There are 2 protein chains.
Amino acid sequence: MRWQELDQVDCPISRALSLVGDRWTLLIVRDCLLGVKRFEGFQMSLGISRTILRDRLAHLVAAGVLEQRPYQDRPVRFDYVLTGKGRALQGVMLMLADWGRTAVSGQPETQVRTFHTSCGHVLQPYVACADCGEEVLGKDLRTIRQVAS
Amino acid sequence: MRWQELDQVDCPISRALSLVGDRWTLLIVRDCLLGVKRFEGFQMSLGISRTILRDRLAHLVAAGVLEQRPYQDRPVRFDYVLTGKGRALQGVMLMLADWGRTAVSGQPETQVRTFHTSCGHVLQPYVACADCGEEVLGKDLRTIRQVAS
DNA sequence: TAAGTGAGTTTAGTTTATGGACTGACAAAA
DNA sequence: TTTTGTCAGTCCATAAACTAAACTCACTTA
């Protein structure tokens, strides 16, 4: 299967990854969440090649994850900012960062910390269920594919 | 920057993505969470080319996300199963699936559903703070890089 | 003996990514 | 007014990654 066909697959993870599952896209989203807005900002932060950056930004805009906001004319220059759809990736990023902090070994401990300002602690995120409010554990999940009737 | 250098960057998201941020790896993890264990199983489920599958499985084993469990000798054949570190990706996958379900448009609604069996509802996951138990909202986060003293 | 299975490996061709130089429209400094 | 700088690209040649299909090897089952 080609990567581009992934959005056709009936699985929410496949569809998500068809938009943000390639090598640099989630790092661009991370930078956006931290306030980076401009082409040169992403390029310096990531060290990515300019061709790829152009391509990824265009894809994210086309997918509705980022939007372009002109900040000058002559020549037209854009800020790239997250849409609601883009900001909705925050939860994914928090869980991913948590995994990277605890599970990836062999490197000195990261100095990056995220604080939950409303309670004052360093954030330790977990996934909870909107219906019962309990932490979601693997043993309590059952995933099914409903067959069309 | 080369992709391989990403694990050197002092950022938990970079480190996480240096292990699971390429085009097929998270789909392999998804299949593992759903019970797929063998080479042919992944290959058929994903339609991935066999060369890449070999490479990705070897990387995941080397990174300690999967482990090999022999299920026969002559010839030796392995099941690939998630380690604790691999199972710890469940939260990332749940948030990613939720985003894929709600944010990726242009396709018919997915028929895949995950139930939270302990409360009986279709799972709607959110990220909560382990200290205060409240839902984590973007406006309540502050991320800093501590400077070495 | 013949066919099948599971997990790869090999090969050849295609696609993507990389780093560096280059462009174009301006702004600010000398 | 010439020079330097900035920002957001584009172009190009090389390098790396990916794909599909065929092939191998050690068995097992009919």
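By convention in this document, chain letters (A, B, ...) are assigned in the order of the sequence lines, proteins followed by strands, and residues within each chain are numbered from 1. Predicted model, so just to flag it, every value in this text is computed and none were measured.
- In this structure, T114(B) and V122(B) have side chains that are not in contact, with every pair of non-hydrogen atoms separated by 4.5 Å or more.
- Looking only at side-chain heavy atoms (C-beta outward), I28(A) and L53(A) come within less than 4.5 Å of each other.
- Between the R15(B) side chain and the V9(B) main chain, a donor and an acceptor come within less than 3.5 Å of each other.
- Geometric assessment of R38(B) against the ring of Y71(B) yields a positive cation-pi assignment under the 6.0 Å and 45° thresholds.
- Side-chain N/O atoms of Y71(A) include none lying less than 4.0 angstrom from OP1 or OP2 on dT6(D).
- Not a single side-chain hydrogen bond (donor to acceptor under 3.5 Å, both in side chains) links R23(A) to another residue, sequence neighbours left out.
- Heavy-atom neighbours of R142(A) CZ from other residues, nucleotides or ligands within 6.0 Å: at or below the threshold of 12.
- One axis for each end of the helix from dT1(C)-dA30(D) to dA30(C)-dT1(D), each built from five base pairs, and the angle between them comes to 0° at 10° resolution.
- Taking the 5' to 3' direction, DNA chain C first and last meets chain A under 4.0 angstrom from a heavy atom at dT16(C) to dC26(C).
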S14(A) vs R30(B), side chain to side chain donor-acceptor pair (under 3.5 Å): CA-CA, chis, key distance, verdict: CA-CA 9 Å; S14(A) 288; R30(B) 174 202 66 182; 2.9 Å; yes
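- Contact check for V127(A) versus M95(B): side-chain heavy atoms found under the 4.5 Å cut-off.
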Nucleic acid footprint by protein, nucleotides 14-27 of chain D - heavy-atom cut-off 4.0 Å, B for base, S for sugar-phosphate alone: ---SSBB-B---SS
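- Listed by chain and number, the residues in a side-chain contact (heavy atoms from CB on, under 4.5 Å) with A58(B) are R54(B) (sequence neighbours excluded).
- Judged purely by atom type and a 3.5 angstrom limit, K37(A) has no side-chain atom pairing as donor or acceptor with the backbone of D79(A).
- Sorted by residue number, the members of residues 37-45 of chain A with any non-hydrogen atom under 4.0 Å from DNA chain D read R38(A), F39(A), E40(A).
- When atom types are taken as modelled, the side chain of E5(B) and the backbone of Q8(B) share no donor-acceptor pair closer than 3.5 angstrom.
- Between L27(A) and L6(B) the shortest side-chain heavy-atom distance falls below 4.5 Å.
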